[in-house]
**Student:** 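The structure follows.
The first residue of the sequence shown is numbered 1, and numbering continues consecutively from there. Whatever order the structure lists them in is the order used to number ligands and atoms, beginning at 1.
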Amino acid sequence: MQQEGLKFYRCNTCGNLFLTMVDPNVTPTCCGTSMEVLEANKLHDNAEKHVPIIDVQNGAINVKVGIQAHPMSKEHRIEWIALTNGDRVEIQKLGLTSAPTATFSDMPIGDGKLHAYSFCNIHGLWSSEK
Ligand SMILES: [Fe+2]
């Protein structure tokens with residue numbers, strides 16, 4: 001489930017990321033072409049390696065990608081993990097030597113729903129909520 005109003009866009013030429021918090025009914029452009037809006041959980045195969053798992057412990061929010069850890073190679077990797085809570089958004093870019101996990105220590109934990117997003121360079125955008 002994707003948070004209402006939040007949209008991620010990707011440039012298919014350079015890989016640039018753009019996000020909107022409200023729907024302005026415009027499609028951003030990059031490298032001279034329209035960016036592709038990313039839809040979460042479009043593929044049903046490989047969900048066990050892509051759906052982000054949100055875990056709250058000791059005031060920190062940990063997001064791990066997949067029940068089975070996703071590969072992190074140059075050819076196939078999780079590029080970034082994002083977490084939202086209400087109007088707040090945090091994105092962590094992952095390096096090739098990173099595990100497919102992210103810790104969000106500064107994200108306030110309130111009564112609202114947490115939404116996590118992970119982006120695989122091959123299998124696209126995945127999301128979950130808690
Ligand atoms: Fe993948």
**Student:** Have a look at H70 and say which of its N, O or S atoms is nearest the Fe ion (ligand 1).
**Tutor:** NE2
**Student:** Would you mind naming the N, O or S atom of H123 nearest to the Fe ion (ligand 1)?
**Tutor:** ND1
**Student:** Side chains of H70 and H123 only: does a donor on one sit below 3.5 Å from an acceptor on the other?
**Tutor:**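 No, no side-chain donor-acceptor contact under 3.5 Å.
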**Student:** Do N12 and E36 meet the criterion of a side-chain donor-acceptor pair at a distance under 3.5 Å?
**Tutor:** yes
**Student:** Do E129 and K113 pass the salt bridge (charged side-chain N to carboxylate O under 4.0 Å, His left out) test, and can you show the C-alpha distance, the side-chain angles, and the key distance before you say yes or no?
**Tutor:** CA-CA 7 Å; E129 64 184 30; K113 271 203 170 120; 3.5 Å; yes
**Student:** Just to confirm my numbers, could you give the angle made at the Fe ion (ligand 1) by NE2 of H50 and SG of C120, rounded to 10°?
**Tutor:**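 About 110°, to the nearest ten degrees.
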**Student:** Strictly below 4.0 Å, N to O, side chains only: are K7 and E39 in salt-bridge contact?
**Tutor:**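 Here K7 does not pair with E39 in a salt bridge, since their nearest N and O are not under 4.0 Å apart.
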